[in-house]
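What's counted below: heavy atoms across the whole structure, side chains too, no hydrogens, waters or symmetry copies. Here the structure is a predicted model, which is why all the values come from computation and not from measurement. Order of appearance sets the numbers: ligands from 1, and atoms from 1 within every ligand.
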Amino acid sequence: MQQENASKPSPWGENVSVEFEDGIAWVSLNRPQRRNAINPGIVWEMNAIMDALEEDERCKVMVVTGSGDSFSAGMDLKEYFRAQDGVPPIQRERLFRANAAWQWRRMMYYPKPTISMVNGWCFGGAFQFLVGSDLAVAAEDATFGLSEINWGIIPAGVVTKAVLQVMSFRDAMYYIMTGETFDGRKAAELKLVNKAVPRDDLREATRELAKTLMGKNPFVLRQAKTACRFTADLSWDQAAEYLMAKSDQTEFRDPENGRNVGMSQFLDEKSFRPGLEGYRRG
Ligand code: COA
């Protein structure tokens, strides 16, 4: 596994670690002694890491996970909440904006594919980047919980909005109102993650998913995931207009000219079947 590029200072290392492996950037929240609770250090570091990985050729797919036996215990009650109580509102708001940026605003539209690999505890604020990432794989025995109700707050930031986007209304209400925990298998059933696998297979299953994504045309993949995010909130007529324009933009800007290459391989060469496999690239 390749570690950071020695010629350039890396923005990770203090609260988050990054390892590169065959196109995958494994980004691990790295405060296992605090169950990877999100403190201001993680917030600033994750923003800088997302800047850096955007342009780093070693990263084709970004996987977000946690060190040790926790994905993330949510926001750090001490450092992110209580320590900010006496801080001037303008500074607090800046921190909250920066947190929203990495957890969902940027994550949802990140130019590279993103996968959350849920390896253990996943609470509260962690649901934001879990839903913000494109895809998610969990260990069957990971533990999820919207625990806010247990300590006298509501799932804010955009946690409530995020769970409503992927879970049914009844399920979202149930877990928000009871604070009951559920495991990775249930998370897959609730559509909060794409799949749950035995803990021992988690890394390999995530690696396989990343490899599948790396086999696709990266520009078209970016266009497709962005279109999926935006289309969800559009009317049918708006969606038709937007998707037509997005298709034209994709064809116009795709450096691989994938549409024509794929069509020619299918129609002229009869050398592949797009229903079953990807066209031959490069
Ligand atoms: N904020 C701040 N500190 C946290 C934290 C959080 N969200 N989650 C865990 N920690 C700290 C604990 O205070 C403890 O610190 P200490 O060693 O100084 O006492 C340390 O991490 C280990 O936590 P502990 O509770 O002993 O670990 P555990 O493995 O028995 O339990 C959890 C793990 C995640 C179930 C439990 O820590 C917990 O309930 N955390 C809060 C989860 C939550 O409600 N998050 C929502 C925030 S929006």
Side-chain angles (χ1 to χ4, degrees), residues 14-17 27-47 64-87 91-108 116-133 136-167 171-187 190 192-193 196 199 202:
E14 207 166 315
N15 299 280
V16 184
S17 69
V27 177
S28 302
L29 307 183
N30 195 19
R31 303 180 70 223
Q33 73 288 2
R34 292 283 178 276
R35 305 301 181 262
N36 305 321
I38 315 292
N39 66 345
I42 286 186
V43 172
W44 302 119
E45 220 167 301
M46 276 305 300
N47 274 287
V64 181
T65 189
S67 297
D69 63 359
S70 182
F71 177 63
S72 171
M75 306 317 294
D76 189 307
L77 273 58
K78 191 172 169 188
E79 292 185 37
Y80 187 87
F81 286 125
R82 199 160 65 183
Q84 302 303 320
D85 284 351
V87 166
Q91 286 177 24
R92 204 171 58 223
E93 283 162 20
R94 192 175 301 135
L95 174 65
F96 289 4
R97 267 202 314 276
N99 188 56
W102 89 263
Q103 289 197 343
W104 59 275
R105 276 207 183 90
R106 299 188 62 188
M107 189 71 88
M108 289 201 313
S116 278
M117 182 174 87
V118 186
N119 55 309
W121 304 115
C122 177
F123 286 102
F127 279 64
Q128 292 192 159
F129 54 97
L130 172 64
V131 175
S133 58
V137 185
E140 286 174 346
D141 62 353
T143 302
F144 296 75
L146 291 162
S147 56
E148 286 86 342
I149 198 76
N150 292 339
W151 58 283
I153 68 164
I154 64 169
V158 289
V159 174
T160 294
K161 175 83 178 159
V163 293
L164 279 169
Q165 183 156 64
V166 290
M167 282 160 55
D171 289 328
M173 285 289 257
Y174 182 85
Y175 289 105
I176 286 172
M177 293 177 73
T178 64
E180 193 176 299
T181 58
F182 49 94
D183 67 13
R185 282 192 201 88
K186 184 74 185 176
L190 295 168
L192 184 58
V193 300
R199 172 166 299 273
L202 181 62

Colleague: Would you say E148 has any N or O atom under 3.5 Å from an N or O of ligand 1, going by distance alone?
Modeller: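 Between E148 and ligand 1 (N or O atoms, distance only) the closest approach is not under 3.5 Å.
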Colleague: Is it the side chain, the backbone, both or neither of A37 that has a heavy atom closer than 4.0 Å to ligand 1?
Modeller: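 Side chain only.
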Colleague: Can you report which non-hydrogen protein atom sits closest to atom 1 (N) of ligand 1, along with the distance?
Modeller: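 In this structure, atom 1 (N) of ligand 1 has L77 N, 2.9 Å as its nearest protein heavy atom.
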Colleague: Would you compute the distance between atom CD of Q103 and atom CG of L130 and round it to the nearest 0.5 angstrom?
Modeller: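 So the CD of Q103 and the CG of L130 are separated by 10.5 Å.
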Colleague: Can a protein heavy atom be found under 4.0 Å away from atom 33 (C) of ligand 1?
Modeller: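 At least one protein heavy atom is under 4.0 Å away.
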Colleague: Just to be sure I'm reading this right: ignoring hydrogens, which of D76, T181, L146 gets closest to atom 2 (C) of ligand 1? Compare them by their nearest heavy atoms.
Modeller: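 Closest candidate by heavy-atom distance is D76.
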Colleague: Ring pair (Phe, Tyr, Trp, His ring centres under 6.0 Å) with F81: which residues, sequence neighbours excluded?
Modeller: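 Partners of F81 by the ring pair (Phe, Tyr, Trp, His ring centres under 6.0 Å) criterion, ordered by chain and then number, come out as W151.
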Colleague: Roughly how far, to the nearest 0.5 Å, is the CD1 atom of I42 from the CZ atom of R34?
Modeller: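 If we round to the nearest 0.5 Å, R34:CZ and I42:CD1 are 11.5 Å apart.
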Colleague: I'd like to know whether ligand 1 has W151 as a neighbour, heavy-atom separation below 4.0 Å.
Modeller: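 The answer is yes, since W151 has a heavy atom less than 4.0 Å from ligand 1.
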Colleague: May I ask you to identify the nearest protein heavy atom to atom 9 (C) of ligand 1, giving residue, atom name and distance to one decimal place in Å?
Modeller: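 Of every protein heavy atom, R34 O, 3.8 Å lies nearest to atom 9 (C) of ligand 1.
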Colleague: To the nearest 0.5 angstrom, please state how far the CE atom of M75 sits from the CD atom of Q128.
Modeller: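 Spacing of CE (M75) from CD (Q128) equals 7.0 Å.
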Colleague: Give yes if a backbone or side-chain nitrogen or oxygen of M75 is under 3.5 Å from a nitrogen or oxygen of ligand 1, and no if not.
Modeller: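 N/O-N/O distance under 3.5 Å: yes.
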Colleague: Is it the case that ligand 1 has an N or O less than 3.5 angstrom from some N or O of G74?
Modeller: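 In fact, backbone or side chain, G74 has no N or O that close.
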Colleague: Please check whether S147 reaches ligand 1 - meaning an N/O of the residue sits under 3.5 Å from an N/O of the ligand, judged on distance alone.
Modeller: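 In this structure, S147 places an N or O atom under 3.5 Å from an N or O of ligand 1.
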Colleague: Not counting sequence neighbours, which residues clear ring pair (Phe, Tyr, Trp, His ring centres under 6.0 Å) with F129? List them please.
Modeller: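 Listed in chain order: F71, W102.
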Colleague: Going by the closest heavy atom to atom 45 (N) of ligand 1, which one wins out of C122, S72, A73?
Modeller: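 Answer by nearest heavy atom: A73.
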Colleague: Is the backbone N or O of P155 less than 3.5 Å from a side-chain atom of T160, with the two atoms forming a donor-acceptor pair by type?
Modeller: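 A pair under 3.5 Å: yes.
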Colleague: Nearest to atom 35 (C) of ligand 1 by heavy atom, F71, F81, W121, F127: which?
Modeller: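 The nearest heavy atom belongs to W121.
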Colleague: Would you confirm whether any non-hydrogen atom of the protein falls under 4.0 Å from atom 15 (O) of ligand 1?
Modeller: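 So atom 15 (O) of ligand 1 has protein heavy-atom neighbours under 4.0 Å.
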Colleague: Enter the distance from E140:CD to L202:CG here, rounded to the nearest 0.5 Å.
Modeller: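 Between E140 CD and L202 CG, I get 10.0 Å after rounding to 0.5 Å.
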Colleague: Under 4.0 Å from a heavy atom of G125: give me the atoms of ligand 1 that qualify, with their elements.
Modeller: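 Going through ligand 1 atom by atom, the ones under 4.0 Å from G125 are 48 (S).
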Colleague: Considering non-hydrogen atoms of the protein only, which is the closest contact for atom 29 (O) of ligand 1, and what is the distance?
Modeller: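 The protein heavy atom lying closest is R35 NE, 3.0 Å.
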Colleague: Return the residue, atom name and 0.1 Å-rounded distance of the protein heavy atom closest to atom 39 (O) of ligand 1.
Modeller: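 Residue, atom and distance for the closest contact: F123 CE1, 5.0 Å.
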Colleague: Within 4.0 Å of atom 21 (O) of ligand 1 (strictly less), any protein heavy atom?
Modeller: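 Answer yes: something from the protein, a heavy atom, is under 4.0 Å.
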Colleague: Under a 4.0 Å heavy-atom limit, does E79 contact ligand 1 with its side chain, its backbone, both, or neither?
Modeller: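 No part of E79 is near ligand 1 at this cut-off.
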Colleague: Taking 4.0 angstrom as the limit and counting only heavy atoms of Q33, give me the atoms of ligand 1 inside it, by number and element.
Modeller: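 Those qualifying, in numeric order: 20 (C), 21 (O), 22 (C).
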Colleague: Quick one, I38 with V43, criterion side chain to side chain contact (heavy atoms under 4.5 Å, CB included). Give me CA distance, side-chain angles, the key distance, then yes/no.
Modeller: CA-CA 7 Å; I38 315 292; V43 172; 3.9 Å; yes
Colleague: Taking the side chain from T65 and the backbone from M117, do they hold a donor-acceptor pair closer than 3.5 Å?
Modeller: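 It does hold such a pair.
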Colleague: So does E180 pair up with K186, basic N to acidic O under 4.0 Å?
Modeller: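 Looking at E180 and K186, the cut-off is not met.
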Colleague: Mind checking the CG-SG spacing from N36 to C122? Nearest 0.5 Å is all I need.
Modeller: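 Result: 11.0 Å between the selected atoms.
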